[in-house]
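These notes are about the structure you will find just below.
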Amino acid sequence: KGYVVMKIQTKEQLQEKEFLTVRQASIYAERSIETIRHWYENGLIEASKDDDGYRYLIPRASIDNHLAKFNRGVANG
């Protein structure tokens, strides 16, 4: 009574979702919430507000694309 139960999701579970919240994106990308925010604030990944204008939703494919570019850059750098 009077408490919230948060469902903790694993990276594997999040692979099934098309859109992720900032928290879910941080788990999926294995990066901090601040890093995820930096990425969308600087146009490195896509993000849009939900229908209520309350939270950002990030397409999982956008994170995948960014991580692939990042990993290629590190591998080639």
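Owing to the predicted nature of the structure, the values given are computational and were not obtained by experimental measurement.
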- Sole candidate of Q9, Q13, K11 that passes side chain to side chain donor-acceptor pair (under 3.5 Å) when paired with Q24: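 Testing each of Q9, Q13, K11 against Q24, the sole residue satisfying side chain to side chain donor-acceptor pair (under 3.5 Å) is Q9.
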- Residue pairs involving residues 45-65 (criterion salt bridge (Lys or Arg N to Asp or Glu O under 4.0 Å); sequence neighbours excluded):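 Listed by first then second residue: R60-D64.
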- Item | side-chain contact (heavy atoms from CB on, under 4.5 Å) involving I27 - partner list, sequence neighbours excluded |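 With neighbours one apart ignored, the set is L14, R23.
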- Query: Should we count CD of E18 as having more than 12 external heavy atoms under 6.0 Å?
  - Reply: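 No, CD of E18 has 12 or fewer neighbouring heavy atoms, counting only those of other groups under 6.0 Å.
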- Query: With side chains defined as the heavy atoms from C-beta onward, is the minimum distance between L44 and K69 less than 4.5 Å?
  - Reply: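 The answer is no; the side chains never approach within 4.5 Å.
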- Starting from the C-alpha separation in whole Å, work towards a yes-or-no answer on side chain to side chain contact (heavy atoms under 4.5 Å, CB included) for T21 and Y56. CA-CA 6 Å; T21 64; Y56 281 98; over 6 Å; no
Donor-acceptor list for residues 33-41 side chains, cut-off 3.5 Å, not counting sequence neighbours:
| residue | atom | partner | partner atom | Å |
| --- | --- | --- | --- | --- |
| T35 | OG1 | S32 | OG | 3.0 |
| H38 | ND1 | N42 | ND2 | 3.0 |

- Task: Kindly give the cluster partners of L57, where membership spreads through any ILVMFWY side chain lying under 4.5 Å from a current member.
- Result: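 Its cluster mates, by chain and number, are F19.
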- Item | ILVMFWY cluster membership beyond Y54 - transitive side-chain contacts under 4.5 angstrom |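 Once heavy-atom contacts under 4.5 Å are chained together, Y54 still belongs with nothing else.
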- Message: Just verifying a value: how many Å separate E30 CD and L67 CG, rounded to the nearest 0.5 Å?
- Response: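 These two atoms lie 9.0 Å from each other.
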